[in-house]
Amino acid sequence: MSTTAATAGNPRRVMMTPAARRVLAAAARLFYERGIHAVGVDLIAAEAGVTKKTLYDRFGSKEQIVVEYLADRDERWRTFLAEHLDAAPPEPAEQVLAVFDASRAWAAEHSPKGCSMVNAHAEISDPAHPAHPVITGQKQWMLALFTRLASGVDPEGADALARALMLLHEGALVAHGLGIFPDAIAHAREQARALLA
């Protein structure tokens, strides 16, 4: 099995063959729709049109498929967000609001059941699981982004502002996924705007 080596903060990754991409696509859909623990390798293999042997040859374990699923979503989210930030006005406050705009668009297109990282953490809370650093790393990256953006708004209070923005953002993702009230992310954006004023 070809893999990329793990480094501090970065999980080991699998080199993607066409069969591995089919497995990942099937696993991603099933994990998000049904939950990670509810989906077994037999179902993933059947949905991907591969044998279990092929699945294990490519990934080695279900845990590695979970790593690939979450890392792939994180990479796609970061690209999606970068495009939104690039298109937004350069002022720091506008950049912060663009994060909420990107999350709202992403949720509408890719995440009707809420944040895949939050959902995965509900099932994978053991730091020894190889996917755990992917989950926590994505949230640490988001906090670092909010901190960088907040420093342009309030250099002295950037850490506190970033944490408040992060809480608004993550709370909105959870409320969206649970369907607590309509358009939770837009509501959080307006609360963020008030914090930035």
Side-chain angles (χ1 to χ4, degrees), residues 7-11 13 24-25 28-29 31-33 66-125 131-197:
T7 59
N10 293 314
R13 300 292 303 279
L24 181 58
R29 179 177 53 76
F31 288 156
Y32 188 77
E33 289 175 0
V66 175
V67 167
E68 297 297 333
Y69 154 61
L70 293 171
D72 179 68
R73 273 188 79 100
D74 183 35
E75 289 166 0
R76 290 188 297 115
W77 159 245
R78 291 185 196 205
T79 299
F80 187 88
L81 177 56
E83 291 167 358
H84 273 74
L85 292 173
D86 288 346
E91 293 78 19
E94 293 300 321
Q95 290 280 296
V96 169
L97 296 177
V99 175
F100 287 85
D101 292 337
S103 290
R104 186 171 181 241
W106 176 270
E109 188 176 342
H110 302 287
S111 297
K113 298 177 81 170
C115 175
S116 58
M117 298 297 167
V118 171
N119 295 348
H121 191 263
E123 298 189 74
I124 302 169
S125 58
H132 193 268
V134 180
I135 298 166
T136 57
Q138 200 270 344
K139 297 307 179 185
Q140 290 163 350
W141 182 83
M142 286 299 299
L143 180 58
L145 172 65
F146 277 125
T147 302
R148 180 174 60 79
L149 296 176
S151 68
V153 175
D154 180 7
E156 297 298 314
D159 287 343
L161 177 57
R163 290 173 184 164
L165 292 168
M166 180 79 172
L167 289 171
L168 279 171
H169 184 262
E170 296 304 307
L173 296 180
V174 172
H176 164 77
L178 294 173
I180 299 298
F181 54 87
D183 218 350
I185 300 171
H187 182 74
R189 183 190 192 277
E190 291 312 304
Q191 298 301 308
R193 184 194 291 279
L195 280 178
L196 296 167

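What you are looking at is a predicted structure, and each value in this text was computed from that prediction instead of being measured.
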Any side-chain donor paired with an acceptor under 3.5 Å for Ser103 and Arg189? no

Audit row: Arg76, Thr79, side-chain contact (heavy atoms from CB on, under 4.5 Å) steps and yes/no: CA-CA 5 Å; Arg76 290 188 297 115; Thr79 299; 5.8 Å; no

Working to the nearest 0.5 Å, report the span between CD of Gln95 and CG of Asp101. 11.0 Å

Side-chain donor or acceptor of Tyr32 paired with backbone N/O of Lys113 under 3.5 Å: yes

Honestly, is Arg73 close enough over Phe31, meaning NZ or CZ under 6.0 Å from the six-membered ring centre and within 45° of the axis? no

pair Asp183-His187: side-chain heavy atoms closer than 4.5 Å: no

Output yes when a side-chain donor or acceptor of His169 lies under 3.5 Å from a complementary backbone atom of Ala192, and no otherwise. no

Looking only at non-hydrogen atoms, find the nearest pair between Pro92 and Val153 and report the distance. CB-CG2, 3.6 Å

When rounded to the nearest 0.5 angstrom, what is the spacing between CG in Leu168 and CD in Gln191? 6.5 Å

With side chains defined as the heavy atoms from C-beta onward, is the minimum distance between Trp77 and Gln138 less than 4.5 Å? yes

Minimum heavy-atom distance between Phe80 and Ala102, given as atom pair plus value: CE2-O, 3.3 Å

Contact between Trp106 and Cys115 at the side-chain level, heavy atoms closer than 4.5 Å - yes or no? no

Find out whether Leu173 and Val118 are in side-chain contact, i.e. whether some heavy atom of one side chain is under 4.5 Å from a heavy atom of the other. no

Atom pair CD1/NE2 of Ile124 and His132 - distance to nearest 0.5 Å: 8.5 Å

Under 4.0 Å between a Lys/Arg side-chain N and an Asp/Glu carboxylate O for Glu190 and Arg193? yes

Is any side-chain heavy atom of Lys139 less than 4.5 Å from a side-chain heavy atom of Thr136? no

Between Ala98 and Ala88, the two heavy atoms sitting closest are CB-CB, 3.5 Å

Roughly how far apart are Asp74 CG and Tyr69 OH, rounded to 0.5 Å? 11.5 Å

Taking all non-hydrogen atoms of both residues into account, name the closest pair between Leu70 and Ala131 and its distance. CD1-CB, 3.9 Å

Show your reasoning for whether side-chain contact (heavy atoms from CB on, under 4.5 Å) applies to Val96 and Leu161. CA-CA 11 Å; Val96 169; Leu161 177 57; over 6 Å; no

Between Arg163 and Asp159, is the closest basic N to carboxylate O distance under 4.0 Å? no

Nearest 0.5 Å please: distance from the CE atom of Met142 over to the CG atom of Leu165. 10.0 Å

Could you tell me how the ring of Phe146 sits relative to the ring of Phe100: parallel (under 30°), tilted (30 to 60°) or perpendicular (over 60°)? tilted

Could you give the distance from CG (Leu81) to CD (Glu83), rounded to the nearest 0.5 Å? 9.5 Å

For His110 against Pro112, the heavy-atom pair lying closest together: C-CD, 3.5 Å

